[in-house]
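One structure is given below, encoded as structure tokens.
Sequence lines set the chain letters: A, B, ... in the order given, protein chains first and strands last, and positions in each chain run from 1.
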There are 2 protein chains.
Amino acid sequence: MAIQTETITEVETEVIDIFVRAAQVIGLAKSIGEIYGLLFIAEEPMSMDQIMAKLRISLGTASQGLKQLRAFKAVKAVYVPGKRKDYFTAESEFRKLMAGFFKEEVTPQLEITAERIEVLKPLLKNVSPDRARHYGSRIEKIERWQKNGLNLIDKVLKFINF
Amino acid sequence: MAIQTETITEVETEVIDIFVRAAQVIGLAKSIGEIYGLLFIAEEPMSMDQIMAKLRISLGTASQGLKQLRAFKAVKAVYVPGKRKDYFTAESEFRKLMAGFFKEEVTPQLEITAERIEVLKPLLKNVSPDRARHYGSRIEKIERWQKNGLNLIDKVLKFINF
DNA sequence: TCCAAATTTCAATAAAAAATGAAAATATTG
DNA sequence: CAATATTTTCATTTTTTATTGAAATTTGGA
């Protein structure tokens, strides 16, 4: 039996459902979860138009979704002999997905936080000594969180690697 | 000098900005970050109408935002002698915030995933043996991720506790 | 217990985010 | 190096999510 390209099966629907929920927890669009879920359960690499047909999503959504998923290293393009189109498969190593997500989404944010803390510090010169003392202790707290965050990501990634 | 209740200072603005960004990373509304940030930097507990006045947000947003933040244990109501209104302060222990977030947002999702996996398994009876084998191995993978996720949360919380 | 203050709820509205699809850009092959 | 297939981009539209504020409910004090 040939692979179904047009109709979506019950199993596919259920698997996609799981990944749509997961995507939403980490703040990613539904379509990202759909595409990843479909590729995760697929038996063969799929082209963009196969993905579009099965999920009934537009060209733009498919293209941008795959782009973002590649940025996370959650999907990769694979070569399929004799085919002109690009074909995609899901990366299914938990540690790689986590690493991609941290690297793309979390770490950049922690870096922005570090920059904002530096903007904040000189502002203490403009407030009363009492208030500066209070503010200073809060800012220190944010600084510790920021460092703890980076450290924690490191530890998590090491833990996942066994 | 009395605490400024109407005007927002530069320091407050910068601190709130940091928490608004942080809220958005974990998929929470801007107003949640604003309220938390304001309480985090405040020198004294604040009432709902003080929060509304400073942030220029509506009654509904303030009430619902505080409700959600209390659910996370990110803010708590404190008793202020002689006052009728509720007064709020920010929980500033990193580990408590993390624990609240995991407990409220991540763990329930992992539990839903476990349920969905059980829905998925019996569907394999309806597909060809070859396909069932492939699907089975994928489902096992999701199952492992689900368990790893719970385990990781546990480890992270233990790590944060020192 | 009654009254007013305080808070919550929720339907309507506003704002933000995601999806669409046509046009532009890029890549492939004969 | 055309001609065409494929992919990307992005202005517009649709959908989703957050906010508002008035009405309903709850709370606390006299």
- Can a donor-acceptor pair be found between the side chains of B:Glu12 and B:Thr9 at a distance below 3.5 Å?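 Yes, side-chain donor-acceptor contact under 3.5 Å.
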- Item | B:Asp130-B:Ser128 side chain donor-acceptor pair, cut-off 3.5 Å |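 Distance-only check fails for B:Asp130 and B:Ser128.
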- Message: Need two values: the first and the last nucleotide of DNA chain D, 5' to 3', having an atom under 4.0 Å from any heavy-atom of chain A.
- Response: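 Using the under 4.0 Å cut-off, the span is D:dT4 to D:dC10.
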- Message: Let me check something: do B:Phe101 and A:Leu150 share a hydrophobic cluster, defined by ILVMFWY side-chain heavy atoms less than 4.5 Å apart, either directly or through other members?
- Response: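 The answer is yes; both residues are in one hydrophobic cluster.
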So, [X] side chain and [Y] main chain: donor-acceptor pair closer than 3.5 Å or not?
X	Y	answer
B:Ser137	B:His134	yes
B:Glu14	B:Val11	no
B:Glu118	B:Glu115	no

- Could I get the full list of side chain to side chain contact (heavy atoms under 4.5 Å, CB included) partners for B:Thr89, not counting sequence neighbours?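 Expected list: B:Pro45, B:Lys76, B:Val78.
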- Message: Does A:Asp49 reach a base, just sugar-phosphate, or nothing at all? Heavy atoms under 4.0 Å.
- Response: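 No contact.
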- In plain terms, say whether A:Arg116 and A:Glu111 are close enough for a salt bridge, that is, a side-chain N and a carboxylate O under 4.0 Å apart.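 Not counted as a salt bridge, because no side-chain N and carboxylate O are separated by less than 4.0 Å.
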- Give, ordered by number, those residues of residues 21-40 of chain B having at least one heavy-atom distance below 4.0 Å to an atom of DNA chain C; if nothing qualifies, reply none.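 Residues of residues 21-40 of chain B that come under 4.0 Å of DNA chain C do not exist, since none gets that close.
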- Item | Near-strand residues of residues 64-73 of chain A, defined as heavy-atom separation under 4.0 angstrom from DNA chain C |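 Contacts with DNA chain C under 4.0 Å: none.
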- Can you tell which of C:dA22, C:dT20, C:dT9 lies closest to the side chain of A:Leu59?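 Of the candidates, C:dA22 comes closest.
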- Query: Can a side chain N or O of A:Thr61 be found less than 4.0 Å away from OP1 or OP2 on C:dT20?
  - Reply: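 For C:dT20, OP1 or OP2 has a side-chain N or O of A:Thr61 closer than 4.0 Å.
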- Query: Whole-Å distance between C:dT13 P and B:Ile57 CD1?
  - Reply: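 Interatomic distance, CD1 of B:Ile57 to P of C:dT13: 21 Å.
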- Message: Nearest whole Å is fine: how far is C:dA6 P from B:Lys83 NZ?
- Response: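 After rounding, the gap between these two atoms is 10 Å.
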Got a list of protein N/O to nucleotides 2-5 of chain C N/O distances below 3.5 Å?
none

- Query: Heavy atoms, side chains only, cut-off 4.5 Å: are B:Leu59 and B:Met48 in contact?
  - Reply: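 B:Leu59 vs B:Met48: side chains touch.
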- Task: Take the C1' atoms of the five end pairs on each side of the helix from C:dT1-D:dA30 to C:dG30-D:dC1, derive the two axes, and give their angle rounded to 10 degrees.
- Result: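 End axes: 30° apart.
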- Message: Against the six-membered ring of B:Phe40, is A:Arg138 placed for a cation-pi contact (under 6.0 Å from the centre, within 45° of the normal)?
- Response: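 Yes, A:Arg138 sits over the ring of B:Phe40.
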